[in-house]
Amino acid sequence: MVAKILCVAEKPSIAKAVANHLAGSTVPASNVSGIRWLKNYEFDFSFGQPWGHCSVTMTSVAGHLDRLEFDERYRKWNSCDPGSLFDAPVSNIIDKDKQPIARNIKQQARYAKALFIWTDCDREGEHIGSEIRKLAQEANPRIEVKRARFSNIEKAHVLNAARQPIDLDELQANAVAARIELDLRIGASFTRLQTLSLQPLGEELQGLTISYGSCQFPTLGFVVDRYFRVKSFKPEKHWRIEMIHQREGKKVNFRWDRVHLFDRMAATILFERCLAARTAKVVKVQTKPTNKWRPLPLTTVELQKMGSRFLGMDSQRVMKIAEDLYTKGFISYPRTETDQFDRAIDLKKLCEKQKNDPSWGQYASGLCEGGFRTPRAGKNNDRAHPPIHPVIHVTRDKLSPEERKVYEFVVRRFLACCSEDAKGNITTVEVEYGSEIFSSSGLVVLERNYLDVYPYDKWESSSQLPQYSAGEKFVPNEANLVQGKTTPPGYLTEPELIALMDANGIGTDATMAEHIAKIKERQYVMVQARSGGPILPDDDAEEDRGATQRRSRGASSRRGRGASQNGGGSSRTQRSGLQEFIPSTLGVALIQGYDDVGFEVSLSKPFLRKEVSWVK
DNA sequence: GCAAGGTC
């Protein structure tokens, strides 16, 4: 008799894709009673030894099945001292809406020889695998359990994974079990303690849930930390030498190599040497090619950052839309840390699918006709999902306005990844004036390449430098000692917060947006549109030019480092319209309160959480 | 009325 093997994936889309690959053709889906979107796929497949030719049922769960909860008598908020939640009995239950999924696995496991677990190859996937195993073994104690190791759903890779199964990683599964229990006990006990003891302190606190969470607090901590850095900022005076030369009707503003000095006397002495020298000497004129690199393949974190920067949506909204697009089959899985495409994915074919779009179709055609370049590879690979990319072409009328924005971004980003870098020439003129070196540069963009399809990056030719030749001397038209001062940082913006959470291991790509939404909902932080004010970390701001200055306005546009690779571009345009986070009195008080308690490890800082969720 | 992590 043919052996039966049960395969269970983490989500329906993987079950479907894997089933079709293993079967070699589209497998009909059969319904599972009690749950509309769950399907079973039945087909034959030859696993390697010892299983051989088998009859397979492929199905899935939808994330975790189990939920950890306190026993009945601890559930009411006033039923116990919050501290007792640290050792109150807890148990795993399966929510009612997940019961049909569990029932399906048990039914299918009953007559199966083996269970193959196809959950994502990450820590949570390992734990979900252990939940599936527990169910299967309840129905069939003798079932053999294996795990497929796969990092994408490309056919050859999937077939390979099916034939070389490994074992579940118990250590990782256990680490997640510990994480779940800690989060529940600490979250529930601190939340009850805070809410019950703080609410009576003020009218404004009535009815508020004053929650504590191992991720929400470090998230809030970042906002509060920045707030205090802005508040306690003391401007420092500095001085710089400005030198302007006019030639061919153009005003050339030379930058001082030292940028500025905080010592007035030193700056003055250097400035006087410049004046004493009278003439400046051109020491180097150099024109060299420069590139602006195309973007890296798209990760979740990057999608969220770009969303709040360019699409006018907060990170939670962007993720919601991206998930909808994924569910409809328009884009790939939107929760990924991977910024490198696997060789096995046919990227050209994906470009081809975009050929008929009225906006970027022509550009996509260009890629198909020779413009295609293999994308750059970033440093991250979660071995579970490819970078976010469009799966099929979708016409405008099938999308809501917000869906359209996110889909368009995903497509343009993908096409940009598959393009050539932008190319230009940068000319730098370096002069010696007194004892000091000054320089100025001009950029000519020669080939826009990926920029044509990716308007989110800016790289434009600057005004051109007049001719200079090495060795020549000239008398500057103006030389000034300019006093400026350092400017405070801005309040934290959403892309900055996401970057901090990412770098410090707070939350996962799937949950960072939720934590941000949570601290807003709890009224720990407020959001305001960034407008004017001391935003730009640019020493041109807030200059006090004093009485001696003759410098004309409008000549300062040459300050930018036109050729910086991967640079963020001018911050002024990118930052306008951005939201920034200001902590509420409550938010500040909570963070300060915890810091004042002086735990060995600060709960407002990310270090403890990072240790809990650290992988290897 | 609590957490964070999956996913539909």
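Every chain is numbered from 1, with letters handed out A, B, ... down the list of sequences.
For B:dC8, neither phosphate oxygen OP1 nor OP2 lies less than 4.0 angstrom from any side-chain nitrogen or oxygen of A:Arg36.
Using a 4.0 Å heavy-atom cutoff across all strands shown, A:Gln199 reaches at least one base atom of the nucleic acid. Within 4.0 Å of A:Phe217, counting heavy atoms only, lies no atom of the nucleic acid at all. Among the heavy atoms of the strands, none lies under 4.0 Å from A:Gln194. In this structure, A:His127 reaches neither bases nor backbone, as no heavy-atom distance under 4.0 Å exists between it and the strands shown.
A stacking contact links A:Trp77 to B:dG1: the aromatic ring centre lies within less than 5.5 Å of the base's six-membered ring centre, and the planes differ by less than 30°.
Look at A:Arg147 and A:Asp167 and you find no salt bridge, because none of the NZ, NE, NH1 or NH2 atoms lies under 4.0 Å from a carboxylate O. Salt bridge A:Lys328/A:Glu403: present, at least one basic N to carboxylate O contact under 4.0 Å.
When distances are taken from the side chain of A:Thr191 to each of B:dA4, B:dC2, B:dC8, the shortest belongs to B:dC2. Of the candidates B:dA3, B:dC2, B:dT7, the closest approach to any side-chain atom of A:Glu514 belongs to B:dT7.
Rounded to whole angstrom, the span from the CG atom of A:Leu220 across to the C1' atom of B:dA3 amounts to 15 Å. As rounded to whole Å, 11 Å separates atom C1' of B:dT7 from atom CD1 of A:Ile35.
Projected onto DNA chain B by closest heavy-atom contact, A:Gly507 and A:Pro12 fall at different nucleotides, the more 5' of which corresponds to A:Gly507.
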